[in-house]
Structures are given as structure tokens and as C-alpha cells.
**Q** 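Here it is, the structure, as C-alpha cells.
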Amino acid sequence: ILLFGVIGLIGCGTSTTSQPSEKTDQGQAADQNAEQTTAEDKTYVVVTNAEFPPFEMTLPSGEIVGFDIDLMNAIAEASGIKIKIQHTGWEAMLKAVENGNADIGASGITIRDDRKEMYDFTDPYFEATQLILLPEGSNISSAKDLEGKNVGFQSGTTGETAAQNIFGKDYKGLKGYADLPTAVNDLFTGRIAAVIGDNAVVAEFVKQNPDKKLQLVKDEAFEKEYYGFIVKKGNQELLSKLQDGLKKIKENGTYQEIYNKYFAE
Ligand code: ARG
């Protein structure tokens with residue numbers, strides 16, 4: 001707001017001066033300067049649903065960390081832009097990028113044709129698939145074996161789509177949650193029989209809860225997915241900066257370093 005104010009004032013000064021030729025030159029120089037400063041100082045707002053370990057999670061201190069966060073910081077550095085990370089709900093995150101309240105979405109977002117109508121995606125940076133998370137000894141070897149039971153997922157995600165495809169949209173046992181940890185919690189209390197979610201994330205829940213004796217089941221119907229970062233559709237300028245940064249960190253080994261930090265065996 002301040003910057004726009006300054007630009008506005010410069011504009012006014014130019015148009016009300018009494019020596020047109022000279023003032024116009026000065027005005028142009030000032031305007032260019034202002035624009036340059038604006039571009040350099042711009043801090044892009046990155047929104048993320050930080051309830052999706054290990055891609056994005058919030059520490060007790062309030063700090064947002066994770067694979068996507070490290071990648072975004074590395075990309076920003078490589079492409080010379082400033083960013084700040086903000087936590088929102090999943091659907092709020094998508095909305096914020098769509099309506100321009102945020103610049104970038106970094107949230108393990110699967111590249112999908114329907115989403116491409118609203119967003120431009122970077123190149124893929126991670127391969128994923130859905131998996132079923134459930135207690136050991138559940139005697140379930142495919143999604144169909146869950147017929148008649150409650151199945152949880154994060155609303156508005158590919159986990160929801162996968163569940164709908166298997167059981168039908170009108171299946172009574174479909175339970176959508178605002179975030180995945182709440183779904184997993186309902187699994188622990190027995191409210192639902194299984195959670196369908198992104199493989200690396202449900203694997204993280206298995207790892208973090210050894211006492212709960214959880215297992216993962218893959219269904220043949222689950223397809224390969226690829227994560228990309230999003231910008232508002234048509235924001236070619238920002239997209240190419242992200243693409244450039246992503247390419248650089250893949251080439252210079254930074255991507256691999258970050259990958260190993262979170263996913264090395
Ligand atoms: N990959 C899935 C999708 O795009 C789930 C992503 C959820 N991400 C999150 N941070 N909660 O639909």
C-alpha cells in the first residue's frame with residue numbers, strides 16, 4: 001500500500017509541474033526507479049497447508065518446515081526472489097492463489113487437468129500415489145475390501161477422488177476431513193476403518209506412531225501422481241522464475257540434498 005502511494009505521488013508530481021519537457025524526463029526516471037525498487041523488494045506470499053508431514057508441518061514453536069518449504073526456499077534463492085511462507089487450510093490455500101491473495105501454492109499439490117484451468121503448475125518435483133492407511137491385521141488387501149466401512153481422506157484432495165472412484169460418490173462411508181491429521185486421529189479412535197492419503201505422508205504417520213501398529217495397502221486403481229507448485233493461471237512471469245529456480249536446484253544437487261534429508265533410507 002505504501003509503495004503504491006509513493007508511485008501515485010510521483011505520478012501526480014509529474015503531471016502538475018510547469019516545465020513539461022524536463023519534468024517528463026524526470027518523471028519517467030523516477031517512475032522507472034520506483035518500478036525497479038518494487039520488483040526487487042517484492043516478497044511473494046507462499047501459502048501451504050502445513051499439516052502434511054514431511055512436506056509441510058508446523059513445529060510447536062510455530063515454525064513451518066518440510067520438504068516443500070526447503071525446496072521453495074532453495075528455488076527462491078536460486079531465482080533471486082523473496083518469499084514468505086503462510087499456513088492456511090487446504091481449500092483456502094487453493095482459493096488464495098486463485099483470487100490473488102497469495103502468489104504461490106506449495107502444498108504437495110498433484111498436477112491435474114481440472115486444476116490446470118485455474119493454475120499454472122511448475123514442472124513436477126515429486127512422484128506420489130495414494131495408499132490406504134489402516135491398523136495391522138485389518139485383513140484388507142484392496143480398497144474394495146473396505147466396502148461397508150467408513151473411509152477417511154482430506155476433502156478436496158486426490159485422496160477424495162480415489163475414494164469416490166472406488167466406492168461411488170454416494171457411498172455413505174465417505175468421510176472428508178479438513179486436514180489429514182484429524183482423519184488419522186479418527187482412525188486411532190476407531191471412527192473410521194481406513195484413511196486414503198498420499199503415500200509419503202501416510203508412511204510418515206506410520207513412522208511417527210509405532211505404538212499404533214499401522215500398515216499400508218496399495219490398490220491397483222491408484223494412479224501415479226506428480227506434485228507441482230502453483231501460481232495463478234497466466235502469471236507467466238512468476239512461473240518462469242520458479243521454473244528457472246527449480247531447474248537450477250535440480251542441476252546443482254540442492255534438490256537431491258533436500259530429497260535425501262527427508263526421504264533417504
Ligand atoms: N496430493 C494431494 C492433492 O493434490 C493432496 C495434497 C494435500 N496437501 C496438503 N498440504 N494437505 O490433492
Side-chain angles (χ1 to χ4, degrees), residues 45-59 62-73 83 85-98 102-133 143 151-166 169 174-187 194-206 208 216 218-219 221-233 258-259 262-263:
V45 175
V46 180
V47 271
T48 186
N49 173 224
E51 301 171 310
F52 201 63
F55 295 94
E56 42 267 341
M57 55 263 188
T58 309
L59 298 179
E63 194 192 347
I64 301 170
V65 297
F67 179 70
D68 286 345
I69 311 306
D70 285 3
L71 278 188
M72 269 314 311
N73 282 322
I83 57 167
I85 312 277
Q86 272 173 14
H87 162 75
T88 71
W90 165 253
E91 290 180 327
M93 183 273 304
L94 292 172
K95 265 274 163 298
V97 177
E98 194 187 328
D103 303 293
I104 302 166
S107 213
I109 306 165
T110 299
I111 301 172
R112 238 170 46 168
D113 285 346
D114 59 330
R115 290 176 180 163
K116 282 188 190 162
E117 286 168 22
M118 268 98 68
Y119 312 99
D120 284 326
F121 280 89
T122 62
D123 287 334
Y125 66 86
F126 195 84
E127 186 189 312
T129 186
Q130 298 302 302
L131 283 181
I132 306 167
L133 171 72
V151 179
F153 43 78
Q154 185 174 25
S155 297
T157 65
T158 47
E160 172 167 57
T161 314
Q164 287 174 344
N165 287 344
I166 287 162
K169 279 193 178 170
L174 298 182
K175 302 287 175 212
Y177 293 83
D179 60 84
L180 215 51
T182 310
V184 174
N185 223 48
D186 268 10
L187 180 70
V195 171
I196 299 183
D198 291 29
N199 57 335
V201 181
V202 287
E204 184 67 21
F205 283 108
V206 173
Q208 281 175 13
L216 296 172
K218 188 171 166 55
D219 191 278
F222 296 153
E223 290 166 0
K224 265 189 192 163
E225 303 180 17
Y226 295 92
Y227 295 167
F229 300 110
I230 56 169
V231 299
K232 187 180 174 155
K233 178 127 193 121
I258 296 172
Y259 183 92
Y262 290 93
F263 302 110

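Order of listing sets the numbers, starting from 1, for every ligand and every atom in it. Atom set for the values below is all heavy atoms of this structure, side chains included, hydrogens, waters and symmetry mates excluded.
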**Q** Heavy atoms only: which of Gly89, Gly108, Ser107 lies closest to atom 8 (N) of ligand 1?
**A** Ser107

**Q** Calculate, to the nearest 0.5 Å, the distance between atoms CD1 and CG belonging to Ile196 and Asn165 respectively.
**A** 10.0 Å

**Q** Of the side chain and backbone of Glu56, name the one, both, or neither that has a heavy atom under 4.0 Å from an atom of ligand 1.
**A** side chain

**Q** Near Gln154, which atoms of ligand 1 are under 4.0 Å from a heavy atom of that residue?
**A**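 Here the atoms of ligand 1 in question are 7 (C), 9 (C), 11 (N).
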
**Q** Please answer whether the main-chain N or O of Ile69 pairs with a side-chain N or O of Asn73 as donor and acceptor at a distance below 3.5 Å.
**A**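 Yes; judged by distance alone, with no hydrogens or angles, the pair exists.
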
**Q** Indicate yes or no for a side-chain donor-acceptor contact from Glu225 to the backbone of Thr129 under 3.5 Å, with no hydrogens or angles considered.
**A** no

**Q** Using modelled atom types only, decide if a donor and an acceptor are shared between the side chain of Asp198 and the backbone of Gln130 within a distance under 3.5 Å.
**A** no

**Q** Below 3.5 angstrom, do we get any N/O pair linking Thr158 and ligand 1?
**A** yes

**Q** If you count the atoms of ligand 1 from 1 in the order shown, which ones are under 4.0 Å from a heavy atom of Ile109?
**A** 4 (O)

**Q** Please name the residue in the list Phe67, Tyr262, Tyr226 that meets the ring pair (Phe, Tyr, Trp, His ring centres under 6.0 Å) test with Phe126.
**A** Phe67

**Q** Hey, does the side chain of Glu160 reach the backbone of Gly156 with a donor-acceptor pair shorter than 3.5 angstrom?
**A** yes

**Q** Please compare Tyr226, Tyr227, Phe52 and report which has the shortest non-hydrogen distance to atom 9 (C) of ligand 1.
**A**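 Minimum heavy-atom distance to atom 9 (C) of ligand 1 goes to Phe52.
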
**Q** Among Tyr125, Tyr119, Phe55, Phe121, whose ring pair (Phe, Tyr, Trp, His ring centres under 6.0 Å) with Phe229 holds?
**A** Tyr125

**Q** So, regarding Thr157 and ligand 1 (criterion: nitrogen or oxygen to nitrogen or oxygen, under 3.5 Å), is there a contact or not?
**A**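 No - when backbone and side-chain N and O of Thr157 are compared with those of ligand 1, no distance drops under 3.5 Å.
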
**Q** At a 4.0 Å threshold, what atoms of ligand 1 neighbour a non-hydrogen atom of Arg115?
**A** 3 (C), 4 (O), 12 (O)

**Q** Where on Glu51 is there a heavy atom closer than 4.0 Å to ligand 1, on the side chain, on the backbone, on both, or on neither?
**A**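 The answer is neither; Glu51 stays 4.0 Å or more away.
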
**Q** Using a 4.0 Å heavy-atom threshold (strictly under), name the region of Asp198 that reaches ligand 1: side chain, backbone, both or neither.
**A** side chain

